[in-house]
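These values consider heavy atoms only, across backbone and side chains, with no hydrogens, waters or symmetry-generated copies. Reminder, nothing fancy here: chain letters follow the sequence lines and each chain counts from 1.
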Amino acid sequence: MSKRVVNILVPLISILLGLIIGAIVMAVSGFNPINGYVALWNGIFMDTYTMGETIRQITPYVFSGLAVAFAFRTGLFNIGVEGQLIMGWLAAAWVGQAFELPAVVHVPLALIAAAAAGALWAFIPGLLKAKLQVHEVIVTIMMNYTALHVANALIGVISGGQERTDSIHESASLRSPFLESITDYSRMHWGFVIALIAVMIMWFILQKTTLGYELKAVGFNKNASEYAGMNVNKNIILAMLISGAFAGLGGAMEALGTFENMSKLHAATGIGFDGIAVALLGANQPFGVLLGAILFGALKYGGLNMPSEAGVPTEIVSIVIALIIFFVASGYIIRVALERFGKKRKEEK
Amino acid sequence: MSFLDVLYFIIPSAIFYAAPLILTAIGGVFTERSGVVNIGLEGIMIVGAASSIIFNLSFADQLGNATPWVGLIVAMGFGILLSLILAVAAVSLRADQTVSGVALNMLGLAVAVFTVKMIFDKGQTDSITERFSRFDIPVLGDIPILGKMFFVDVYATSILAIVVAIVAWFVIYKTPFGLRLRAVGEHPMAADTMGVNVTKMRYVAVMISGALGGIGGAIYAQAISGNFGASTISGQGFMAIAAMIFGKWHPLGALGAALFFGFAQALSVAGGSIPYVQDVPKIFLLILPYVLTILALAGFIGKAHAPKASGVPYVKGKR
């Protein structure tokens with residue numbers, strides 16, 4: 001079996017195994033797994049409203065997945081997407097409600113603010129990694145909770161002690177009457193177009209620019225890149241900045257599309273952590289990330305239909321996603337199994 | 001309030017808030033010393049908290065006062081069970097340890113909330129009736145000033161946490177087991193050559209962290225929150241990881257760091273009634289543990305070095 005086929009088979013087998021174990025968990029808990037999965041399916045595809053909402057859910061996952069994947073290509077593990085996304089959300093919500101501008105200026109300004117806030121939050125771990133060789137995993141985790149508390153405090157300041165910021169002005173909103181009319185008044189917004197553009201941008205940077213070539217080279221082998229004359233430190237910081245910008249834009253989707261404001265958060269949003277799953281499943285390729293985001297976003301939104309239609313707690317979806325990550329991460333064993341299987345077939349021939 | 005009154009109030013509650021952090025951080029020390037990064041401590045704490053609360057609610061009538069203690073043992077069991085998933089993935093199947101840890105957090109939260117919804121038909125449990133209670137230590141409690149600070153109205157869980165930290169120090173630095181554990185985390189190949197079973201050591205270490213993380217979560221649930229919901233444990237596990245790093249991967253260092261973080265938490269909860277502290281915005285106290293950890297890692301507060309082989313799966317015969 002060629003390497004390419006194996007690389008595609010590993011995530012597919014992982015998804016299948018995750019769904020099978022999910023079914024077993026449902027059966028053991030006294031639910032009918034078929035009803036459960038039918039409810040999941042209906043939760044995604046039942047009518048135009050659910051489909052609109054599913055796309056709405058997928059949109060921030062694309063960004064968080066791209067953020068994790070982009071850093072990964074430079075050999076960095078950005079667990080801080082969660083925090084960068086929160087900061088981006090806050091920045092976009094603030095720009096959206098604080099200024100009154102024409103939409104052509106307002107939307108881009110809010111997006112740029114979100115990207116900048118996310119990038120700034122990612123800059124700190126990037127700088128520490130580049131200059132002081134501090135491992136980025138722990139720093140980004142610590143930055144997540146710092147972001148959570150800082151954002152909550154700032155929401156209090158912006159809103160004058162309220163639990164949420166004021167709604168953004170219509171000129172900054174990504175929602176549109178057109179999308180509402182074709183999806184039966186779902187919260188679907190134009191963010192999905194921006195997400196698709198972001199996928200293209202990541203592909204373009206990595207495949208068509210010198211910067212992308214250098215970033216990938218640093219990811220493959222830092223010392224060789226240094227020897228070849230590349231500035232490794234600069235590339236590490238740049239990779240974190242771009243990764244953080246993607247994460248911040250993911251937050252902007254929530255601020256300008258889904259919620260049109262920001263409420264104080266009691267716990268992490270989970271979008272950033274799910275981004276790790278998305279990137280892993282997508283093998284850190286831009287188009288793979290898109291597919292991963294579609295799968296996990298659809299599962300997450302469809303899962304909300306499971307309690308009402310089949311009585312199954314929606315957390316079953318998170319269990320399935322966690323299992324899929326385990327299986328993809330433990331891909332070694334699947335690869336070994338596939339190789340054995342491939343060899344046997346060759347011998348038979 | 002006089003300064004002394006403040007101390008009488010803040011020191012016991014600091015130790016109270018620190019207990020779950022101490023235990024979980026010590027668990028983290030064990031895994032990291034063996035060369036496995038356990039980001040999944042948060043998930044383990046969540047499962048520990050949920051299982052202890054469910055057990056407590058179900059058996060409080062039969063077991064009475066002993067319920068929370070048996071709850072700790074139950075939580076320990078579930079913590080070990082969950083940590084085994086990480087051990088299988090990260091040690092045997094050579095999965096990326098950070099990724100498996102993240103998945104473990106997701107799985108822990110999902111399984112816990114799933115089970116709670118199954119049993120209670122809602123996302124949050126009822127409040128438990130049998131909590132950990134305070135008691136006065138005889139004789140020591142009569143010491144002037146210090147007695148009232150440390151030995152009056154203490155929680156047995158706080159004492160347990162401190163004892164575990166000291167035992168962990170002894171085990172890691174004074175026993176053959178500890179020597180092997182550290183060897184496996186610093187240079188697994190050398191340890192393997194000397195006949196130490198790297199896989200077994202790492203399994204044991206991960207399971208110890210599962211046990212301690214489970215207990216930590218159970219103490220948080222049964223002493224501090226009193227019930228379980230999706231946001232009961234929110235960042236406690238990560239704060240324990242912070243304590244472990246701030247304590248430089250040393251059990252007693254982790255103990256000190258966890259006590260300090262507990263102090264910050266106590267101040268953020270009760271700071272409103274304390275002079276001077278009430279003028280400090282709460283946000284600074286909330287982010288203090290995380291910011292200090294970043295500073296410690298950056299080398300501004302002494303240099304922190306992780307065990308050399310931490311995070312690297314060991315493949316026999318590979319250089």
Side-chain angles (χ1 to χ4, degrees), chain A residues 25 29-31 77 79 124-125 127-128 131-135 137-139 141-150 152-154 156-157 265-268 270 273-274 276-277 279-280 307 311-334 336, chain B residues 37 39 43 85-86 88-90 92-118 123 230-235 238-239 241-242 245 268 281-287 289-294 297-300 304 306 310-311 313:
Chain A
V25 170
S29 317
F31 300 113
F77 198 158
I79 302 198
I124 299 169
L127 184 72
L128 290 175
K131 297 287 174 198
L132 297 166
Q133 282 79 47
V134 182
H135 204 294
V137 166
I138 302 295
V139 177
I141 289 177
M142 299 303 141
M143 299 286 291
N144 281 341
Y145 283 91
T146 314
L148 183 72
H149 293 302
V150 168
N152 283 349
L154 287 177
V157 173
L265 301 164
H266 297 292
F273 292 121
D274 288 338
I276 298 167
L280 195 66
V312 185
T314 166
E315 277 69 28
I316 187 73
V317 165
S318 302
I319 295 178
V320 170
I321 292 179
L323 289 170
I324 293 175
I325 308 177
F326 272 119
F327 289 125
V328 176
S330 313
Y332 164 73
I333 199 76
I334 299 178
V336 168
Chain B
V37 172
I39 303 278
I85 300 178
L86 177 73
V88 170
S92 298
L93 302 183
R94 302 174 200 170
D96 185 292
Q97 297 175 0
T98 312
V99 170
S100 331
V102 170
L104 200 66
N105 285 334
M106 252 183 233
L107 190 70
L109 180 64
V111 168
V113 178
F114 184 85
T115 316
V116 166
K117 280 186 178 168
M118 287 264 309
S231 60
T232 298
I233 305 284
S234 171
F238 290 118
M239 204 188 276
I241 295 172
I245 294 165
S268 74
K282 213 172 154 183
I283 164 78
F284 291 112
L285 296 169
L286 285 172
I287 63 172
Y290 307 116
V291 173
L292 279 176
T293 304
I294 295 172
L297 277 168
F300 295 123
S310 192

Quiz prompt | Any side-chain heavy-atom pair of A:H149 and B:Y290 under 4.5 Å | solution = yes
Quiz item: So which part of A:I316 gets closer than 4.5 Å to some heavy atom of chain B, the side chain, the backbone, both or neither?
Solution: both
Self-check item: Interatomic distance, B:I283 atom CD1 to A:L154 atom CG [nearest 0.5 angstrom]
Solution: 7.5 Å
Quiz prompt | More than 12 heavy atoms of other groups within 6.0 Å of B:F284 CZ | solution = no
Exercise. Give the minimum heavy-atom separation between A:L132 and B:A298, together with the two atoms involved.
Key: CD1-O, 3.6 Å
Exercise. Please determine, among A:A322, A:P313, A:G156, the option with the most heavy-atom pairs under 4.5 Å with chain B.
Key: A:P313
Quiz item: When only pairs under 4.5 Å are counted, which of A:D274, A:N152, A:L148, A:V312 shares the most heavy-atom pairs with chain B?
Solution: A:D274
Quiz item: If you tally heavy-atom pairs under 4.5 Å against chain B, which of A:I138, A:V137, A:L323, A:T314 wins?
Solution: A:I138
Self-check item: Interface residue of largest heavy-atom contact number with chain A, from B:S100, B:P281, B:P289, under 4.5 Å
Solution: B:S100
N/O donor-acceptor pairs under 3.5 Å from side chains in residues 105-118 of chain B, not counting sequence neighbours:
| residue | atom | partner | partner atom | Å |
| --- | --- | --- | --- | --- |
| B:N105 | OD1 | B:G43 | N | 2.7 |
| B:N105 | ND2 | B:I39 | O | 3.1 |
| B:T115 | OG1 | B:V111 | O | 2.6 |
| B:K117 | NZ | A:E315 | OE1 | 3.0 |
| B:K117 | NZ | A:E315 | OE2 | 3.2 |

Quiz item: For the candidates A:A329, A:S318, A:A267, which exhibits the highest count of non-hydrogen atom pairs separated by less than 4.5 Å from chain B?
Solution: A:A329
Quiz item: Side chain, backbone, both or neither: which part of B:T293 has a non-hydrogen atom closer than 4.5 Å to chain A?
Solution: side chain
Practice problem: Enumerate the residue pairs fulfilling salt bridge (Lys or Arg N to Asp or Glu O under 4.0 Å) with a member in residues 98-114 of chain B, sequence neighbours excluded, ordered by first and then second residue. | Solution: none
Practice problem: Using a 4.5 Å cut-off on heavy atoms from C-beta on, say whether the side chain of A:F326 contacts that of B:L104. | Solution: yes
Quiz item: With a 4.5 angstrom heavy-atom cut-off, which part of A:I319 approaches chain B: side chain, backbone, both or neither?
Solution: both
Practice problem: Against chain A, label B:V99 side chain, backbone, both or neither, depending on which of its atoms sit under 4.5 Å from a heavy atom there. | Solution: both
Quiz item: What's the spacing between B:I245 CD1 and A:I141 CD1 if we round to 0.5 Å?
Solution: 7.5 Å
Self-check item: A:I79 versus chain B, the contacting section by heavy-atom distance below 4.5 Å
Solution: side chain
Quiz item: With a 4.5 angstrom heavy-atom cut-off, which part of A:F31 approaches chain B: side chain, backbone, both or neither?
Solution: side chain
